[in-house]
Number of protein chains: 2
Amino acid sequence: MVPSTAYRVPDLVARYADMFSAMGTAPRLRIMQLLLSAHPTGLVVGDIQNELDIPNSTLSHHLDKLKNEGLVQIRREGTFLRYTASVDALQELLGFLYAECCTRNKAIKPSGILQIRK
Amino acid sequence: MVPSTAYRVPDLVARYADMFSAMGTAPRLRIMQLLLSAHPTGLVVGDIQNELDIPNSTLSHHLDKLKNEGLVQIRREGTFLRYTASVDALQELLGFLYAECCTRNKAIKPSGILQIRK
DNA sequence: ACCATGTTTCGACATTACCGGAAATACGGA
DNA sequence: TCCGTATTTCCGGTAATGTCGAAACATGGT
């Protein structure tokens with residue numbers, strides 16, 4: 001018996017919720033901001049630590065969470081680990097929000113997103 | 001002695017983090033989707049409950065969280081409470097994400113947000 | 001093999017979050 | 001005032017999360 005599609009389709013809403021949750025604390029949102037500001041080069045853990053003043057073990061947990069939700073990408077450079085913001089994930093998330101607010105339901109006018117921001 | 005601006009400026013990052021956190025669980029993200037799909041009319045609590053099949057007390061907690069982060073607006077209609085998605089809050093949040101990803105750091109091309117979405 | 005540096009894991013704690021049944025409250029109508 | 005419906009508050013249990021020092025691990029160089 002073939003299971004209904006509901007079983008096979010990964011729950012996108014749950015996935016996006018997890019992404020939002022990963023950006024749902026100030027330290028992690030700051031990390032993402034920092035990585036975006038250093039895009040596409042990214043930063044090594046020590047740089048992030050110095051910039052945000054987070055203890056190494058705490059920082060490692062936050063980075064792990066961001067990694068698990070696919071929001072950052074990692075590559076090794078000798079003894080360093082370089083983290084970069086995942087453009088794909090952020091684009092997906094931004095696209096989801098945009099679709100829900102602007103495309104599907106037209107609750108927000110696209111022009112409203114481009115606000116003056118100092 | 002004048003305190004540095006860092007003291008007076010409310011921490012916007014923390015605020016946005018709280019908003020992301022509020023949308024960071026599947027039940028609450030579904031509630032926001034539902035309210036957006038019913039925008040601008042909104043829905044009364046009972047409708048949301050029937051639609052999402054969440055016990056009343058649990059639902060009330062989620063709605064309270066969304067209210068506290070300013071993501072929904074409420075008005076009373078007799079014995080009913082009508083919830084609507086807060087366009088202002090969502091626009092602010094979307095604007096923040098857009099600015100961080102597209103404007104400030106140009107990590108994502110704006111055209112990439114408008115993806116085909118079924 | 002050893003060392004220095006960078007990063008993660010371990011272990012523990014406090015805090016907060018999620019969930020839901022039962023009771024309490026709010027409102028409008030009879 | 002009493003009743004029925006709508007919604008919240010109260011209370012408890014359980015699980016998840018944020019934090020961080022200390023120890024372990026990884027890597028490249030000597």
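The sequence lines fix the lettering, A, B, ..., with proteins before strands; numbering per chain opens at 1.
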Figure out the [atom1]/[atom2] separation between [X] and [N], and round it to whole Å.
X	N	atom1	atom2	value
B:Leu63	C:dC19	CG	C1'	14 Å
B:Phe80	C:dG29	CZ	C1'	13 Å
B:Met23	C:dC18	CE	P	14 Å
B:Asn68	C:dT16	CG	C1'	14 Å
A:Leu59	C:dT8	CG	P	8 Å
A:Leu81	C:dT5	CG	P	18 Å
A:Lys67	C:dT9	NZ	C1'	12 Å

Practice prompt. Give me the one residue out of A:Leu93, A:Leu90, A:Val87 that meets side-chain contact (heavy atoms from CB on, under 4.5 Å) with B:Cys101.
Written response: A:Leu90
Worksheet entry | With A:Tyr83, the side-chain contact (heavy atoms from CB on, under 4.5 Å) member among A:Leu71, A:Leu66, A:Leu63 | A:Leu63
So how far is it from [X] [atom1] to [Y] [atom2], rounded to the nearest 0.5 Å?
X	Y	atom1	atom2	result
B:Met19	A:Phe20	CE	CZ	12.0 Å
A:Lys109	B:Gln91	NZ	CD	8.5 Å
A:Glu100	B:Leu29	CD	CG	7.5 Å
A:Ile74	A:Ser86	CD1	OG	11.0 Å
B:Leu52	B:Asp47	CG	CG	10.5 Å

Would you tell me if any nitrogen or oxygen in the side chain of [X] comes within less than 4.0 Å of OP1 or OP2 on [N]?
X	N	value
A:Arg76	D:dA26	no
B:Tyr83	D:dT8	yes
A:Thr79	C:dG6	no

Practice prompt. Could you tell me whether A:Asp18 and A:Arg15 make a salt bridge, using a distance below 4.0 angstrom between a side-chain N and a carboxylate O?
Written response: no
Worksheet item: Is any side-chain N of the basic residue among B:Asp53 and B:Arg30 closer than 4.0 Å to the acidic one's carboxylate O?
Response: no
Worksheet item: Between D:dT8, C:dA26, D:dA6, which nucleotide gets closest to the side-chain atoms of B:Ser60?
Response: D:dT8
Discussion item. Across nucleotides 10-23 of chain D, 5' to 3', mark each nucleotide with B, S or - according to how protein heavy atoms within less than 4.0 Å reach it.
Written reply: B------SSBBBB-
Item to complete: Using a cut-off of strictly less than 4.0 Å between a heavy atom of the residue and any atom of DNA chain C, enumerate the qualifying residues of residues 42-53 of chain A by number.
Response: A:Val44, A:Val45, A:Gly46
